[in-house]
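First comes the structure, then the notes that go with it.
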Amino acid sequence: MEKTESKNFLEQIIENDIETNKHEGRIHTRFPPEPNGYLHIGHVKSICINFGMAQQYGGKTNLRFDDTNPVNEDVEYVESIKNDVKWLGFDWEDRLFFASDYFDQLYEFAEKLIQDGKAYVDDSAQEEISDMRGIPTKPGTESPFRNRSAEENLDLFRRMRAGEFEEGSRVLRAKIDMASPNMHMRDPIIYRILKAHHHRTGDKWCIYPMYDFAHGQSDAIEEITHSICTLEFENHKPLYNWFIENIGLFPSHQYEFARLNLSYTIMSKRRLKKLVEEGHVAGWDDPRMPTISGMRRRGYTPAALRNFIKKVGVAKRENVIDVSLLEFHVREDLNKMAMRVFGVLDPLKVVITNYPEGQTEDLPAINNPEDESMGSRTMPFSREIYIERSDFRIDAPRKFFRLGPGKTVRLKNAYIITCENHKTDENGEVTEVHCKYYPDSKSGSDTSGIKAKGTLHWVSIQHGIPAEIRLYDRLFNDEAPNGHKDRDYMEFLNPDSFEVIKNACLEPWLKNAKAGDRFQFMRLGYFCVDPDTTDGNLIFNRTVTLKDSWAKKGK
RNA sequence: UGACCCAUGGUGUAAUGGUAACACACCUGGUUUUGGUCCAGGCGUUCAAGGUUCGAGUCCUUGUGGGUCAACCA
């Protein structure tokens, strides 16, 4: 726990609860995903808050799957969710739970409510129930089935459970207040008939509890002290409390925070799913997706994500976080840990005319200037090398500290060279650059006295290895793709969000890189090895570029 | 025309009745064999009107603006 740091409102509540010895000072939270999709950066915030708070105050966090709707849920998702939470660095220890673990208890709670005259079976059609609920500004009307006897309700409910009725023909409702200004209190449905196979309970049940009748009670059963969720559940809180009070359960309390929104992206499961299904991305783990699996594949680190969430803060007002803050934390973490290597994405041949043919030198290279313990390696240098095509310009302006006719640059870890000539093809495209080098300008023993303003990365053609590089950019080119009333978010898809480079050339050290390995390609950005990589085909994903104050100047 | 929640730089988040601060972004400059990192500096903020108070971003009232709620989803 950091000392004098300012506290967010949840920390203040928790510290106050500890001071007043509420729940004997015990802190117990839960992360309650529904196993119906993949986790995204919005969930990362929830995970970090729920696990983070407990960690910070010596408490515990349960992982509980809210699996009350078998129609949408699947074990595939529970495995991916567990994997994602673990990868982020959090541990639920032996506390892996499912709302479905409590179906028997939940059923008993429902019978108790019926016996107490606080719940009834409604035979109305779905549409009738909806009509009778009224609208927010006008009270609803009571169902004709509202005043059945407890005996009749109990009998009907048991027969619902026994499978005697068709799906949709009856529901169990809590008997609260059809005139409540809070729509959730207008006799909410708490059980519906769903003749569906459940991924854990199989065919044991044909009635399933609704979210409102499962979530709070599950919290109470697990004796959760702080049930932290997002703002849209604020209106559910009176109902959450109503069930706890009327059933007589452990007094879990719900607290709400504002969900995370990121600029240039969308966060709804439904919309992300559409991107996948319509093939706008390669899958849920496409590196452009804001999913945890996508960001993992892209090369983002768990620490970067955690630090990002910490900086974003926790409050109750709607927010849109600038993606640049995320990128900042990705770079910050990678800068410390990523080995520096050389790779040329768009090769341009350079011949060093006065360098002896057939000669090769192994030049030392520091692996990470930020971390001496990462040591060094050597890189082969020879007469013919590749440089980045964008590092050469025929019409180089004054402030272009790179190569051009007559220009002098340092080849990182090697020699200073001066451009003497270049060849072009019939289209005026540069095909080859001729330079001379200064033998006494070798890195580490430079006595030439020549000053080169720019430094370039390079790869010896003879020694370089081929690789495929996948470049990613933001998926949407609008800051708030979902924030336009008259335009669909799909209209803002960035057509240039993905580019494949097939003919990149990397320094030979990289030949043994393994899937998931992260590197900084000097001067270009951070890259990681994609799992599609095979023996003969090295594939890298660009995680994020380096900051580029030159590009920003508009060149 | 209901209930609940929210309102601080470009974006976020603090300030708990007492000098509005921190991060990102942006802009300068320095260091640099990465136009990276690092270092130094700059820019810019309390929705409005009343009220309480010696003193209000903070408390009260009203207004304005925004969000949420009318799935047998969660």
Side-chain angles (χ1 to χ4, degrees), chain A residues 5-8 12 32-34 36 66-69 71-73 99 122 125-126 129-131 133-140 167-173 180-186 188-194 207-208 210-212 214-215 229-238 256 258 263 269-270 308 311-329 331-332 335-336 340 342 366 369-370 399-402 409-414 416 441 443-444 446 452-457 479 520-525 545-553:
Chain A
E5 285 242 320
S6 58
K7 306 268 188 289
N8 66 51
Q12 291 171 27
E34 183 188 13
N36 71 341
D66 235 330
D67 56 349
T68 57
N69 187 355
V71 179
N72 301 323
E73 297 153 6
D122 195 334
Q126 189 164 161
I129 290 181
S130 174
D131 289 344
R133 192 157 17 229
I135 56 172
T137 53
K138 286 202 190 81
E167 238 179 67
S169 62
R170 275 172 240 258
V171 291
L172 184 69
R173 292 228 257 169
S180 171
N182 182 331
M183 297 295 287
H184 298 286
M185 300 298 272
R186 321 241 266 224
I189 291 167
I190 58 183
Y191 264 95
R192 77 287 215 192
I193 300 169
L194 242 36
I207 56 171
Y208 291 92
M210 299 287 290
Y211 164 84
D212 285 306
H215 193 92
C229 62
T230 47
L231 249 30
E232 63 268 32
F233 292 101
E234 234 162 4
N235 292 340
H236 293 244
K237 186 146 64 177
E256 312 86 11
S263 62
K269 256 186 222 175
R270 201 191 89 239
F308 166 68
K311 274 296 179 217
V312 156
V314 183
K316 297 194 72 158
R317 69 169 147 162
E318 300 290 334
N319 58 80
V320 181
I321 310 295
D322 202 323
V323 279
S324 64
L325 183 63
L326 211 205
E327 293 177 345
F328 168 82
H329 283 100
R331 291 189 184 104
E332 185 190 46
N335 178 50
K336 291 181 301 195
R340 271 59 169 173
F342 284 19
I366 302 287
E370 304 297 315
K399 300 268 266 183
F400 186 75
F401 304 144
R402 305 180 188 185
V409 296
R410 154 76 63 183
L411 293 174
K412 175 85 179 170
N413 297 329
I416 292 174
S441 67
S443 282
D446 183 358
K453 192 76 177 151
T455 303
L456 306 188
H457 61 281
E479 205 170 319
Q520 183 195 107
F521 285 12
M522 198 72 81
R523 299 210 306 134
L524 296 177
T545 61
L546 254 28
K547 261 177 71 175
D548 190 347
S549 51
W550 166 247
K552 210 172 292 172
K553 279 178 183 151

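The sequence lines fix the lettering, A, B, ..., with proteins before strands; numbering per chain opens at 1. All figures in this text were calculated on a predicted structure; none of them were measured in a lab.
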Checklist entry - Quick one: CG on A:L172 to CD1 on A:I207, what's the gap to the nearest 0.5 Å? => result 8.0 Å
Next on the checklist: I'd like to check the ring-ring contact (aromatic ring centres under 6.0 Å, His included) partners of A:F233; sequence neighbours left out, ordered by chain and number.
Outcome noted: A:Y211, A:H236
Item to check | P gap between B:G55 and B:A14, integer Å | outcome: 28 Å
Checklist entry - Between atom NZ of A:K399 and atom NZ of A:K453, what is the distance when rounded to the nearest 0.5 Å? => result 7.5 Å
Checklist entry - Given the P atoms of B:U16 and B:A7, what is the spacing between them in whole Å? => result 15 Å
Item to check | Base-paired stems that RNA chain B participates in, counting runs of 3 or more Watson-Crick or G-U pairs under 3.5 Å | outcome: B:2-7 with B:64-69, B:10-13 with B:21-24, B:26-30 with B:38-42, B:47-51 with B:59-63
Next on the checklist: Are A:T545 and A:R331 packed together at the side-chain level, in the sense that at least one heavy-atom pair is separated by less than 4.5 angstrom?
Outcome noted: yes
Checklist entry - With A:H457, which residues qualify under ring-ring contact (aromatic ring centres under 6.0 Å, His included), at least two apart? => result none
Item to check | Whole-angstrom distance between B:C4 and B:U19, as gauged at atom C1' | outcome: 37 Å
Next on the checklist: Can you check the distance between B:U61 and B:G9, where both ends of the measurement are the P atom (answer in whole Å)?
Outcome noted: 24 Å
Item to check | Span that lies between the C1' atom of B:G57 and that of B:A15, in whole angstrom | outcome: 9 Å
Next on the checklist: Does a side-chain N or O of A:Q12 approach OP1 or OP2 of B:A14 to a distance below 4.0 Å, or not?
Outcome noted: no
Checklist entry - Checking all strands, does A:V71 fall into the base, sugar-phosphate, or nothing category for heavy-atom contacts under 4.0 angstrom? => result nothing
Item to check | Residue list, side-chain hydrogen bond (donor to acceptor under 3.5 Å, both in side chains) with A:N182, at least two apart or on another chain | outcome: none
Next on the checklist: Between B:U46 and B:U11, how far apart are the two P atoms, rounded to whole Å?
Outcome noted: 13 Å
Next on the checklist: Using whole Å, what does the distance between atom P of nucleotide B:C24 and atom CG of A:N319 come to?
Outcome noted: 18 Å
Next on the checklist: Can you tell me how far apart NZ (A:K311) and CG (A:L326) are? Round to the nearest 0.5 Å.
Outcome noted: 14.5 Å
Next on the checklist: Do A:R173 and A:R186 have side chains that approach each other closer than 4.5 Å (heavy atoms only, starting at C-beta)?
Outcome noted: no
Checklist entry - Can you find a heavy atom in the side chain of A:V312 that is under 4.5 Å from one in the side chain of A:L325? => result yes
Checklist entry - Quantified in whole Å, what is the C1' atom distance between nucleotide B:A48 and nucleotide B:C39? => result 43 Å
Checklist outcome for this item: Given protein heavy atoms under 4.0 Å, the one-letter contact record of nucleotides 29-38 of chain B, with B base, S sugar-phosphate only and - none, is simply ----BBBBB-
Next on the checklist: Within the 4.5 Å heavy-atom criterion, are A:R340 and A:I366 side-chain neighbours or not?
Outcome noted: no
Checklist entry - Atom CG of A:L326 to atom C1' of B:G12: distance rounded to whole Å? => result 13 Å
Checklist entry - Do A:N36 and A:N69 touch side chain to side chain, with heavy atoms closer than 4.5 Å? => result no
Checklist entry - Quick check: does any side chain N or O of A:S443 sit under 3.5 Å from a backbone N or O of A:A414, one acting as donor and the other as acceptor? => result yes
Checklist entry - Quantified in whole Å, what is the P atom distance between nucleotide B:C43 and nucleotide B:C22? => result 12 Å
Checklist entry - For B:A71, does the glycosidic angle fall within 90° of 0 (syn) or outside that (anti)? => result syn
Checklist outcome for this item: Protein heavy-atom contacts under 4.0 Å, written 5' to 3' over nucleotides 64-74 of chain B as B (base), S (sugar-phosphate only) or - (none), form the string ---SBSBSBSB
Checklist entry - Nearest-Å distance, CD (A:E327) to C1' (B:A23)? => result 16 Å
